[in-house]
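A note on names: the letters A, B, ... follow the listed sequences, proteins ahead of strands, and every chain is numbered from 1. This structure is a prediction, so every number in the text was calculated from the model and none was measured.
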There are 2 protein chains.
Amino acid sequence: MSTPGRGLHGHVLDTLGPEITAGEYPPGSVLRTDELAQRFDVSRSVMREAVRVLESMHLVESRRRVGVTVRPMSEWNVYDPQVIRWRLAGKDRARQLRSLTVLRSAIEPVAAGLAARHATSQQCAELTECALGMVANSRGHKLEEYLVHDMAFHRVILDASGNEMFARLGDVVAEVLAGRTHHDVMFEDPDPAAVTLHVQVAEAVRAGDAVRAEELTREITVGALQELDILAP
Amino acid sequence: MSTPGRGLHGHVLDTLGPEITAGEYPPGSVLRTDELAQRFDVSRSVMREAVRVLESMHLVESRRRVGVTVRPMSEWNVYDPQVIRWRLAGKDRARQLRSLTVLRSAIEPVAAGLAARHATSQQCAELTECALGMVANSRGHKLEEYLVHDMAFHRVILDASGNEMFARLGDVVAEVLAGRTHHDVMFEDPDPAAVTLHVQVAEAVRAGDAVRAEELTREITVGALQELDILAP
DNA sequence: GGAGACAAAAAGTCAGACTTATTCGTCACG
DNA sequence: CGTGACGAATAAGTCTGACTTTTTGTCTCC
């Protein structure tokens, strides 16, 4: 995605990471560095670097005389964008998408409220532009163009909140929106009500109306949650 | 903290990580693997493993013929518990604490609402126990004992929400609460109103009253935000 | 002054030997 | 029988040195 297989150790991670996050090795499973190096046909140095990265994500733990043991899912660094990507590409993408959508529903309304207070005039302009782009592509099976503007819209909101923790969720939200468009729901044109809400949020932010921006965004995320409930009650 | 200097590469990270997150190397600064290996008196293999970990946190980027370049703060994986710890131990701990408290104010109310729906009877019992422990230690300069129960309380709420993304913020919230007690505010006994709110949240969760649990928790987090505003308006 | 070739620099890779910590089995001792 | 200590096996950890690959800056040459 962002950094595709840069170097041999990257290629190893592209295979091993998804396998682990997909749960192919039950927690407590033991892998041996040497065997992995053989399997991927790389030197032990390269394999060790890959293991170190997995370890920094808390996916595995490396202990002397034991080997590389897989940690239970509850200990994974589930906010690591790489881990999120692996899991979204794997088996439990539905569960993952639900968790992330709930996260969105908590974060984005608050972020929109802050954005109404902190957004620069340029960010307001970008927001309006994105909302207009969504309107323009809301009919006629132009889902891809719509998605681009939708992702940009939410990224601007999160950035404009002025909170770095929120801002860093831009990639995650984009991934969720993309996943929704490309796989699960959204067979036809997007919900007109949602499009309108985005336009209204842009207006509220520009007007500096924090309460209204927060409430409108809450409606958007509630809608996203309902979409999931319809799909898998 | 959790995994203190495990192995040589861990020791290198314990020094280099805080240096980078403290901003001692401006974005775009170039480090050379060989020089770093010399500086820390380790072999290049060990140094490379450390660089790989820093790279997986998006703190640096390693490119051929160029070296290891430090990335701008906006690209760091700020949700990585290790990065959070490094930053909380460093220069901008105040800024970091503020960001995290805003994050809490978005997450915890929603988590409490979900907890009211999903908490098991055992989790309800734990919650009540924590709240009672907070009451018992709310007077008489027993800040440490109070803190333990406070951290446990919020961890149970986040776990009981049933959302893994929320659950994994337990460590972060604990870190924020600990930081608040040990450094910034909290010179004397905690605010009695806050203690009462925790007890009421425990009751609301046990009663399955999601709306009330959410609203009460919102009051708690608003209080935490106000504490910061009083300290640094 | 632009395009292409060349050289230097730094990360990337590999192989092999050695070190160290941990675990497990065994054996002696209570 | 249990128990504790000793020792051997094992797999990660470390170091070294040689080699490869990619990128970049420069220096021609047209």
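Under the ring pair (Phe, Tyr, Trp, His ring centres under 6.0 Å) criterion, the residue pairs touching residues 64-110 of chain A are Tyr79(A)-Tyr79(B), with sequence neighbours excluded.
Residues from residues 47-57 of chain A with heavy atoms under 4.0 angstrom of DNA chain C: there are none.
Residue contacts shown for Ser62(A) are limited to sugar-phosphate atoms, with no base heavy atom under 4.0 Å away.
Remark: Glu144(A) engages no residue in a salt bridge (Lys or Arg N to Asp or Glu O under 4.0 Å) (not counting sequence neighbours). Applying the ring pair (Phe, Tyr, Trp, His ring centres under 6.0 Å) criterion to Phe153(A), with sequence neighbours excluded, gives His198(A). Checked against side-chain hydrogen bond (donor to acceptor under 3.5 Å, both in side chains), Ser138(A) has no partners two or more places apart in sequence or in another chain. Partners of Glu55(A) by salt bridge (Lys or Arg N to Asp or Glu O under 4.0 Å), not counting sequence neighbours, listed by chain and number: Arg52(A), Arg6(B). Arg87(A) pairs by the salt bridge (Lys or Arg N to Asp or Glu O under 4.0 Å) definition with Asp92(A), Glu164(B), not counting sequence neighbours. Partners of Glu35(A) by side-chain hydrogen bond (donor to acceptor under 3.5 Å, both in side chains), not counting sequence neighbours, listed by chain and number: Arg32(A).
The interatomic distance linking Phe40(B) (CZ) with dC15(D) (P) rounds to 14 Å, in whole Å. What separates CZ of Arg6(B) from C1' of dT20(C) is a distance of 16 Å, to the nearest Å. Rounded to an integer number of Å, the gap from NE2 of His9(A) to P of dG12(C) is 8 Å. The separation between Arg44(A) atom CZ and dA17(C) atom P is 11 Å, rounded to whole Å. In this structure, NE2 of His11(A) is placed 17 Å from P of dG12(C), rounded to the nearest angstrom.
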Polar atom pairs between nucleotides 6-10 of chain C and protein, under 3.5 Å, N or O only, would you list them?
from: dA9(C); atom 1: O4'; to: Arg65(B); atom 2: NH1; distance (Å): 3.2
from: dA10(C); atom 1: OP1; to: Arg32(B); atom 2: NH1; distance (Å): 3.1

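A donor-acceptor contact shorter than 3.5 Å links the side chain of His149(B) to the backbone of Glu145(B).
You'll find that the side chain of Ser43(B) is closest to dT16(D), out of dG16(C), dT16(D), dC14(C).
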